[in-house]
Protein chains: 4
Amino acid sequence: MALPRTGPVRSEPARVAILDATAALFAEVGYDHLTIEGIAARAGVGKQTIYRWWGSKGPLVAECLLEGRLLPGRLTLPDTGDVRADMAAWLTTVFRVMEAEQRLVLSLIAAAAEHPEVGAGLRDSLTGSASISGRLDAAIGTTANLQPGALTGELAEALIGAVVLRALSREPAGPVDAERLLDAVLGAPTG
Amino acid sequence: MALPRTGPVRSEPARVAILDATAALFAEVGYDHLTIEGIAARAGVGKQTIYRWWGSKGPLVAECLLEGRLLPGRLTLPDTGDVRADMAAWLTTVFRVMEAEQRLVLSLIAAAAEHPEVGAGLRDSLTGSASISGRLDAAIGTTANLQPGALTGELAEALIGAVVLRALSREPAGPVDAERLLDAVLGAPTG
Amino acid sequence: MALPRTGPVRSEPARVAILDATAALFAEVGYDHLTIEGIAARAGVGKQTIYRWWGSKGPLVAECLLEGRLLPGRLTLPDTGDVRADMAAWLTTVFRVMEAEQRLVLSLIAAAAEHPEVGAGLRDSLTGSASISGRLDAAIGTTANLQPGALTGELAEALIGAVVLRALSREPAGPVDAERLLDAVLGAPTG
Amino acid sequence: MALPRTGPVRSEPARVAILDATAALFAEVGYDHLTIEGIAARAGVGKQTIYRWWGSKGPLVAECLLEGRLLPGRLTLPDTGDVRADMAAWLTTVFRVMEAEQRLVLSLIAAAAEHPEVGAGLRDSLTGSASISGRLDAAIGTTANLQPGALTGELAEALIGAVVLRALSREPAGPVDAERLLDAVLGAPTG
DNA sequence: GCTTAAGCGAGACGGTACGTCTGGTCTTTGG
DNA sequence: CCAAAGACCAGACGTACCGTCTCGCTTAAGC
């Protein structure tokens with residue numbers, strides 16, 4: 001038997017204001033200097049309204065991530081038919097973003113390390129928007145290491161992992177590095 | 001003209017007590033709940049003694065890392081002559097440690113994301129102790145993707161990156177996953 | 001022309017439940033830890049229902065007081081014909097109550113200090129139930145300081161004031177103190 | 001054996017700033033709207049410095065009271081030789097202060113009701129500065145109710161109690177009321 | 001061996017942010 | 001239109017740490 005729920009429902013304007021404020025402050029100050037008080041003030045909201053629905057900044061950041069408020073949308077994998085070239089272009093873009101928004105990217109990794117929700121959100125965000133392994137499947141046969149039966153899921157993981165590691169080491173990377181990485185992991189183009 | 005330095009020199013017992021306390025607390029509560037006050041109390045030391053020599057918890061953790069106080073020493077890459085098998089054994093061990101000490105590993109990643117020193121230390125610790133790319137060089141020709149001219153540095157990066165990503169996603173991994181990852185990145189063993 | 005009053009009228013069960021809850025919580029936690037939220041929860045009532053009719057906890061407590069829900073009814077001045085003995089008995093009882101329910105009594109004073117309504121209610125409650133000055137009028141001539149023309153209103157005020165001061169100073173008082181107070185203020189019995 | 005106390009010592013400027021701020025805010029907003037945060041902000045002090053030494057606003061207000069920062073110094077009982085006239089003048093002054101600073105006086109009563117320290121402080125402050133019972137001792141024989149053996153302590157208590165009650169009831173009082181109260185409690189002047 | 005200055009433990013200080021609690025208002029659902 | 005339920009903005013609570021700053025003590029180097 002259902003309890004008779006009454007009273008006001010969750011305020012959508014408040015929810016949106018909070019997520020907006022979170023994304024803005026995340027970009028400004030990074031994950032570890034993000035404070036609930038700051039978010040509440042920026043959003044024009046009581047702290048309790050945040051604690052009521054999210055409980056801490058981890059899930060809050062995760063929700064921002066999943067709604068695409070943190071990572072710029074330009075990170076989608078292009079599709080020109082030439083998978084190898086698309087991947088190179090995408091990697092180059094990722095490297096550029098990493099350099100331009102180093103703090104944001106590192107903050108995201110820190111957030112992922114501290115909160116499972118953010119980790120999962122980050123993974124969904126990356127693989128969802130870019131769908132790398134799907135594209136690799138379509139490219140089987142075009143490079144030395146992409147033969148029938150290739151474990152494209154693992155290859156995608158290795159590629160993204162290499163990117164994350166690059167971010168952690170703060171070494172700047174450019175188009176040449178993108179090419180080298182693809183050569184190493186996918187092998188040279190065939191034919 | 002040099003000023004005449006006088007007075008006592010840095011206290012080694014204090015230094016060691018601080019690093020011990022840091023390592024112990026890091027394992028207990030993780031990176032983000034690590035506090036300078038807690039370390040000072042545990043080490044029986046004044047806070048100023050920590051700030052005098054390290055300045056913040058980042059470099060402190062980095063120094064613990066470089067002295068091998070955080071990661072168990074068992075993470076060295078074995079050397080039986082069969083590089084592929086050695087890698088598989090090492091990866092399996094790494095996966096096991098990641099599962100057993102998830103918080104420690106994730107805290108380390110978080111620390112690396114927040115402090116360059118820790119990132120560098122982590123990188124040195126991993127590649128230094130395991131020296132993966134050197135071993136891959138020695139194994140050229142033994143797997144499909146390890147042909148002469150192979151970019152072993154990038155391959156090592158991809159492998160470790162995949163491991164870090166696995167840690168961030170909290171998905172448990174075992175020996176089978178280790179094999180699949182190696183198959184994907186290094187290719188099947190030849191002959 | 002009168003507007004036709006329609007819709008439900010004020011709920012008596014709600015009113016009673018609120019006053020009951022207020023009296024109970026007042027006795028349990030005292031005036032300054034009394035909260036509207038706590039009262040509403042205990043009474044099974046919405047907060048708005050309290051704010052609609054009382055506005056704050058001051059008038060609420062005053063109403064409880066005037067309905068006799070706070071002070072035990074035993075504080076009435078006995079009437080044996082011997083005014084001096086009656087007063088002594090009453091004072092002794094008051095002192096005993098003050099000791100047994102110190103928090104309640106002090107909370108009442110605090111409430112009176114913060115809200116005029118409570119102050120007035122307290123005054124009415126004390127002088128109304130005990131009607132001291134009336135009895136003193138009837139006793140004129142029986143003690144040294146109760147001569148014709150005595151200002152019995154002021155004397156009553158002085159007596160009750162002394163009692164309040166005793167409560168504020170937390171000094172325990174007993175029958176002997178009651179006698180001394182009466183001796184001092186009313187003078188020794190004549191004849 | 002005394003512990004070897006070392007380290008910095010309590011900061012007197014901070015202590016004074018806190019008491020100043022408390023007294024000022026007490027006069028401005030009254031006891032129940034007094035907040036630790038407000039005091040800390042006004043004093044330019046961290047909240048912890050207040051909690052370290054006082055623990056709550058009760059003892060803080062008590063200390064202000066005992067240092068004479070709350071009640072104006074003009075409440076001292078004059079001494080012209082004519083005790084009856086001195087008392088009347090003093091009472092009139094007290095009534096005037098009560099009217100002019102009603103909130104402060106009532107706040108003080110509320111504070112006394114909530115914190116024993118304040119109650120004790122208030123009592124010391126009143127009897128200390130005015131020393132009523134001592135003066136009454138000296139006036140024995142000059143009024144009808146001040147005969148040898150009079151319980152001057154109780155009489156003083158009754159007088160001050162009447163004053164407190166007047167404050168609680170918010171009834172304005174003037175010189176005439178002062179005279180009537182003295183007539184009632186002390187009796188008419190003899191000879 | 002006396003002087004001098006730095007290292008050390010301890011911990012108070014001005015602050016920031018925490019997560020909780022309550023105040024008083026507003027909004028929804030139902031009788 | 002009233003009542004219950006409870007979300008909302010606001011802001012104080014008392015706690016935990018931050019990084020800085022004395023304290024008084026105990027060392028070493030250098031005269």
Side-chain angles (χ1 to χ4, degrees), chain A residues 3-11 13-15 17 33-41 43-53 55-57, chain B residues 3-11 13-15 33-41 43-53 55-57, chain C residues 5-11 13-15 33-41 43-53 55-57, chain D residues 3-11 13-15 17 33-41 43-53 55-57:
Chain A
L3 283 180
R5 254 289 280 120
T6 151
V9 292
R10 180 171 184 178
S11 159
R15 189 188 140 265
H33 290 120
L34 200 62
T35 67
I36 298 283
E37 296 215 328
I39 295 168
V45 137
K47 284 197 291 178
Q48 199 58 48
T49 302
I50 297 180
Y51 283 110
R52 180 156 32 236
W53 300 109
S56 74
K57 66 180 176 174
Chain B
L3 284 179
R5 256 286 282 123
T6 122
V9 292
R10 179 171 185 179
S11 158
R15 189 188 141 266
H33 290 119
L34 201 60
T35 66
I36 298 282
E37 296 215 328
I39 294 168
V45 135
K47 285 198 290 177
Q48 197 59 42
T49 302
I50 297 180
Y51 283 109
R52 182 158 26 236
W53 301 110
S56 75
K57 66 180 177 174
Chain C
R5 268 280 283 117
T6 159
V9 291
R10 179 172 184 180
S11 158
R15 189 187 141 266
H33 290 120
L34 202 61
T35 67
I36 298 283
E37 298 217 325
I39 295 169
V45 136
K47 284 198 291 178
Q48 194 57 43
T49 304
I50 297 179
Y51 282 110
R52 186 162 16 242
W53 300 109
S56 75
K57 65 180 178 176
Chain D
L3 283 180
R5 261 287 282 123
T6 163
V9 93
R10 180 171 184 179
S11 158
R15 190 189 139 264
H33 290 120
L34 201 61
T35 67
I36 298 282
E37 295 216 329
I39 295 169
V45 137
K47 284 199 289 177
Q48 200 57 47
T49 301
I50 298 179
Y51 283 110
R52 182 155 32 234
W53 301 109
S56 76
K57 64 181 177 174

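Please read all numbers here as calculations on a predicted model, not as lab measurements. In what follows, every chain begins at residue 1, and chains take the letters A, B, ... in the order their sequences are listed.
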Candidates F:dA4, E:dG24, E:dG9 - which lies nearest the side chain of B:A14: E:dG9
Whole angstrom value for the distance that separates C1' of F:dG6 from CD1 of C:I36: 16 Å
Minimum-distance pair of heavy atoms, taken over all atoms of A:A43 and A:A17: CB-O, 3.5 Å
Which residue lies more 5' along DNA chain E, comparing B:G44 with A:Y51 via nearest heavy atoms: B:G44
A:Q48 or C:A43, whichever maps to the more 5' nucleotide of DNA chain F: C:A43
Sugar-phosphate only, base, or nothing, as touched by D:G38 at under 4.0 Å among non-hydrogen atoms: nothing
DNA chain F: 5'-proximal contact among B:T35 and A:T49 (nearest heavy atom): A:T49
D:V45 side-chain proximity, nearest of E:dG14, F:dC17, E:dC18: E:dG14
B:K47 (side chain) and E:dG9 (base): donor-acceptor pair under 3.5 Å: no
Under-4.0 Å side-chain N/O to phosphate OP1/OP2 contact, D:W53 with E:dA12: no
Between F:dA4 (P) and C:I39 (CD1): distance, integer Å: 14 Å
Side chain to side chain contact (heavy atoms under 4.5 Å, CB included) between A:R10 and A:W53, intermediate numbers included: CA-CA 9 Å; A:R10 180 171 184 178; A:W53 300 109; 3.5 Å; yes
Nearest-Å distance for atom pair CZ/C1', residues D:R10 and E:dG14: 16 Å
B:I50 CD1 - F:dC17 C1' separation (whole Å): 13 Å
Interatomic distance, A:E37 CD vs F:dA12 P [rounded to whole Å]: 11 Å
Minimum heavy-atom distance C:G46-C:A40, with the two atoms named: C-CB, 4.2 Å
Short side-chain N/O contact to F:dA3 OP1/OP2 from C:R52, under 4.0 Å: yes
Minimum heavy-atom distance B:V45-B:A14, with the two atoms named: CG2-CB, 4.2 Å
Interatomic distance, B:R15 CZ vs E:dG9 P [rounded to whole Å]: 14 Å
Minimal non-hydrogen separation, D:K57 against D:I36, with atom names: N-CD1, 4.1 Å
Between F:dG14 (C1') and D:K57 (NZ): distance, integer Å: 14 Å
Spacing of D:H33 atom NE2 relative to E:dT22 atom P, expressed in whole Å: 17 Å
